[in-house]
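Notes follow the structure.
Just so you know, ligand 1 is whichever comes first in the structure, and atom 1 is the first atom listed for that ligand. Source: prediction; values computed, not measured.
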Amino acid sequence: MDYLQITGGTKLSGAIDISGAKNSALPVIAATILSDQPVELTNLPNVVDIRTLLKLLSILGSEVEHNETVATVNNGTMNSTKAVYEIVSKMRASILVLGPLLARFGECEVSLPGGCAIGQRPIDLHLKALEAMGATIEIKGGYVRAEAPEGLKGAKIVFDKITVGGTENTVMAAALAHGTTTIVNAAKEPEIVQLCEMIASAGVKVEGIGTSEITIEGTGQKPLVFKPVEIIPDRIEAGTYLCAAAITNSTVTLNRVNATHIQASIDKLEAMGCSFDINDDVITITSSDRLKPVSLITTEYPGFPTDMQAQFMAVATMAIGESVIEERLFENRFMHVSELNRLGSDIWLKGSVAAVRPVAELYGADVMATDLRASSALVLAGLVAKGVTNVHRIYHLDRGYDNLEGKLSALGANIQRLSE
Ligand code: UD1
């Protein structure tokens with residue numbers, strides 16, 4: 001198994017390119033199922049999760065050509081609608097094939113994704129929405145079996161809770177449904193906007209893109225013909241590198257970023273004393289040697305993203321006062337706390353709130369990655385910790401960060417991938 005060895009204390013400098021967004025590429029790949037023609041995808045991040053979903057499509061009989069950041073997916077040859085446990089258990093987002101498979105073929109079986117390290121993560125809202133659209137759903141033998149032999153019907157779906165994946169599954173299902181679907185309390189993340197725009201550019205009438213109420217006129221099971229899709233920049237990857245600059249008191253430039261998508265992170269880093277120079281899709285951050293403490297609460301877009309909580313906690317360890325971080329989206333997303341404390345931070349947890357107290361220095365140690373974003377927080381802490389930090393179980397990082405050690409090395413960090 002690989003691990004990352006980081007020798008802390010080096011300042012970063014220079015520029016890197018931000019990759020395409022994993023969380024946008026996944027629903028876009030799932031949405032290709034709505035078509036029986038080849039679809040071209042560009043600016044894919046070169047990460048394991050993308051390979052996993054493309055592999056699932058190949059297993060279902062699709063023709064997939066994939067080379068790092070580009071892929072052509074032809075789901076015209078798809079001859080199975082069963083998303084097997086072996087793949088779904090590797091990546092929860094595989095549940096995104098449920099809506100499009102059901103909408104196009106009128107039936108499918110998708111393994112239940114189960115829990116994950118950051119909490120329970122049920123899919124009840126996905127299933128309720130599909131049932132409201134006329135699907136019959138049965139859970140048996142660890143699989144969700146969904147049927148709608150006459151196709152799905154448009155419906156008014158009111159989500160009890162804002163759900164990114166639930167909104168995506170419903171948008172994809174609605175695109176091929178008979179009649180009009182209105183989604184109330186929809187998620188507004190940039191990834192949902194890209195998915196809606198992809199579907200709209202195939203001629204489907206989609207209203208309310210980027211708002212909490214999306215209306216879609218379905219094609220009545222007529223497959224879509226997509227234009228090529230270029231994946232939007234990864235706002236979480238960009239935010240992570242901003243945090244890398246912040247924690248190391250450095251000046252770093254990020255190319256190919258959408259600053260609007262990371263406004264919440266920019267605002268918090270500005271409040272901590274960092275300054276920004278933003279020009280179109282290029283952002284330069286300059287940190288401060290006296291970072292101020294931060295107070296933040298995770299919430300849905302455009303609020304502060306839960307996927308940046310762990311990285312900000314790492315940065316907060318270097319602030320000159322006590323920071324308060326509240327996690328509102330996932331019940332168990334603080335597993336990085338005990339690992340950060342192994343590096344010498346002083347973080348206290350009470351329920352969903354963490355208090356990060358100032359410490360003079362962090363010290364390198366062996367730490368264990370527990371989930372994707374928690375892992376990146378450990379890498380960030382390793383960049384400033386005195387001595388050597390070894391981050392183990394980095395397969396979590398490989399799921400979602402494109403060439404993390406390469407990009408950090410290009411900025412001057414002392415980081416290398418080694419084998420246990
Ligand atoms: C997506 C992102 C993930 C991010 C999360 C929140 C992808 C591939 N993943 O995950 O990186 O952290 O959004 O921004 O895009 N919930 C239910 N029932 C459901 C569905 C969700 O109770 O049927 C709850 C979840 O447990 C969670 C909250 O709703 O507490 C939000 O989850 P959701 O927005 O669905 O997250 P994901 O789409 O799984």
For ligand 1, indicate whether the residue [X] contacts it via side chain, backbone, both or neither (heavy-atom separation under 4.0 Å).
X: Arg333; answer: side chain
X: Tyr301; answer: neither
X: His126; answer: both

What do you reckon, does [X] have a nitrogen or oxygen under 3.5 Å from a nitrogen or oxygen of ligand 1?
X: Thr163; value: yes
X: Ala93; value: no
X: Asp307; value: yes

To which of [options] does the heavy atom nearest [atom] belong?
atom: atom 21 (C) of ligand 1; options: Gly166, Ala187, Pro122; value: Pro122
atom: atom 33 (P) of ligand 1; options: Leu26, Asp124, Asn23, Val164; value: Val164
atom: atom 29 (O) of ligand 1; options: Lys161, Arg92, Lys22, Glu300; value: Lys161

Under 4.0 Å from a heavy atom of Thr306: which atoms of ligand 1 are those, numbered in the order shown and with their elements?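 Near Thr306, the atoms of ligand 1 are 6 (C), 12 (O), 14 (O).
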
Gly165 heavy atoms, cut-off 4.0 Å: which ligand 1 atoms fall inside? 35 (O), 38 (O)

Can you give me the closest heavy-atom contact between Tyr143 and Ala83, atom names plus distance? CE2-O, 3.4 Å

Distance-minimising heavy-atom pair for Lys227 and Ser201: NZ-O, 3.3 Å

Within this structure, what is the CZ-CG distance for the pair Arg399 and Leu372, rounded to the nearest 0.5 Å? 5.5 Å

Less than 4.0 angstrom from a charged side-chain N to a carboxylate O is my criterion; do Asp49 and Lys22 meet it?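 Answer for the salt bridge query: yes.
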
With heavy-atom distances below 4.5 Å as the criterion, would you say the side chains of His392 and Glu420 are in contact? yes

So, do Thr317 and Leu362 sit near enough that their side-chain heavy atoms are less than 4.5 Å apart?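 In contact.
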
Check for a donor-acceptor pair, side chain of Glu191 on one end and backbone N or O of Pro27 on the other, with a separation under 3.5 Å.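 No; judged by distance alone, with no hydrogens or angles, the pair does not exist.
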
Go through Arg256 and Asn43 one step at a time and tell me if the side chain to side chain contact (heavy atoms under 4.5 Å, CB included) criterion holds. CA-CA 11 Å; Arg256 302 168 63 100; Asn43 202 34; 3.2 Å; yes

